[in-house]
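A short worksheet on the structure shown next.
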Amino acid sequence: MPRHWLFKSEPSVFSIADLARVKSTSWDGVRNYQARNMLRDDVKLGDKVLIYHSNAEPTGIAGVGTVSMPGHPDETAFDRRHEHYDPKSLRENPTWFLVDVRHEQTFPHVITRDMLGSDPVAKGMMVLRKGSRLSIQPVTPDEFKAVLRLAK
DNA sequence: GCCAACGTTGGC
DNA sequence: GCCAACGTTGGC
């Protein structure tokens, strides 16, 4: 039984349209320990991912992806010239992990925070909580279904 | 651009 | 281990 997640991205950096174009990507650059733990331990092959556009117009959920490869080390942390380079992360003992995500669908319209907040189920989502900065968040099956309904 | 909320760092 | 200072996130 696949689990459900919400991954944040600033669309000016990487958007659902970018994901649709490249088909599949390594979700690199997550540099938060709580998010790391989920990427390393909890996000499994086949899990569904809501792609959330933050710092955007409109802000909200833009589509769905599927986990095509579970947690493995984030190679960008080893690359001295990469902006996500972290000298503390060593190949023999990596600090940072990522998963690969394949594009599944782009919603016909972004599901805005207002729309989520108006839905009796979706309004409970972590992403709506004030100060919710976690970039990898768990989503319940019911919340996921509610978002898909709102996307129609 | 503002600023509240949060995570991390580092002095003690 | 505490906690103030700092940097970042992200909605508005």
Side-chain angles (χ1 to χ4, degrees), chain A residues 3-22 25-43 47-65 67 70-101 103-140 142-152:
Chain A
R3 306 171 213 224
H4 306 85
W5 307 93
L6 179 145
F7 287 12
K8 290 186 196 168
S9 184
E10 299 199 15
S12 62
V13 178
F14 189 82
S15 71
I16 189 76
D18 294 324
L19 184 58
R21 184 165 38 76
V22 301
T25 194
S26 290
W27 204 267
D28 64 26
V30 173
R31 296 293 180 266
N32 167 283
Y33 286 99
Q34 213 181 328
R36 185 281 309 268
N37 291 346
M38 288 189 279
L39 290 175
R40 187 187 57 192
D41 305 330
D42 303 322
V43 181
D47 285 1
K48 301 299 179 189
V49 178
L50 298 171
I51 307 296
Y52 178 89
H53 285 175
S54 62
N55 265 319
E57 186 50 55
T59 291
I61 300 170
V64 181
V67 176
H72 51 292
D74 183 343
E75 297 283 329
T76 66
F78 308 135
D79 181 354
R80 185 175 287 279
R81 280 167 302 283
H82 199 283
E83 67 171 318
H84 297 139
Y85 174 60
D86 181 356
K88 294 187 300 301
S89 185
L90 308 173
R91 272 184 194 282
E92 56 274 26
N93 184 21
T95 306
W96 304 115
F97 286 74
L98 53 70
V99 299
D100 286 11
V101 178
H103 180 267
E104 185 154 306
Q105 73 172 123
T106 299
F107 290 155
H109 53 89
V110 170
I111 313 304
T112 64
R113 297 173 64 82
D114 277 355
M115 294 173 68
L116 294 170
S118 301
D119 182 274
V121 176
K123 72 191 233 189
M125 293 177 74
M126 182 184 294
V127 74
L128 294 184
R129 293 214 278 273
K130 190 176 161 84
S132 181
R133 291 170 45 168
L134 199 56
S135 62
I136 304 293
Q137 303 185 355
V139 169
T140 69
D142 283 349
E143 288 166 351
F144 187 82
K145 271 183 251 163
V147 171
L148 290 190
R149 274 198 302 276
L150 290 169
K152 292 198 180 120

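Just so it is clear: chains get the letters A, B, ... in the order the sequence lines come, proteins before strands, and each one is counted from 1.
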From the list [options], which nucleotide is the closest neighbour of the side chain of [X]?
X      : options              : result
A:R133 : B:dC6, C:dG10, B:dG7 : B:dC6
A:Y33  : C:dT8, B:dT8, C:dG11 : B:dT8
A:R113 : B:dC6, B:dG7, C:dC12 : C:dC12

Between [atom2] of [N] and [atom1] of [X], the distance in whole Å:
X      : N      : atom1 : atom2 : answer
A:K88  : B:dG7  : NZ    : C1'   : 13 Å
A:R129 : C:dT9  : CZ    : C1'   : 17 Å
A:E10  : C:dT8  : CD    : P     : 13 Å
A:N55  : C:dC12 : CG    : C1'   : 10 Å
A:N32  : C:dG10 : CG    : C1'   : 14 Å
A:H53  : C:dG11 : NE2   : P     : 12 Å
A:W96  : B:dT8  : CH2   : P     : 7 Å
A:L134 : B:dC6  : CG    : P     : 12 Å

> If you measure from CD on A:Q137 to CE on A:M125, what distance do you get to the nearest 0.5 Å?
Replying inline: 7.5 Å
> Which heavy-atom pair separates A:L150 from A:I111 by the least distance, and what is that distance?
Replying inline: O-CD1, 3.5 Å
> Between B:dA4 and A:K130, is there an OP1 or OP2 to side-chain N/O distance shorter than 4.0 Å?
Replying inline: no
> Between C:dG11 and A:Y52, is there an OP1 or OP2 to side-chain N/O distance shorter than 4.0 Å?
Replying inline: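 For C:dG11, OP1 or OP2 has a side-chain N or O of A:Y52 closer than 4.0 Å.
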>> Can you classify the ring geometry of A:W96 versus A:Y33 as parallel (below 30°), tilted (30 to 60°) or perpendicular (above 60°)?
In response: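 Correct class here is tilted.
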>> Does any part of the side chain of A:M126, heavy atoms only, come nearer than 4.5 Å to the side chain of A:E143, both counted from C-beta?
In response: no
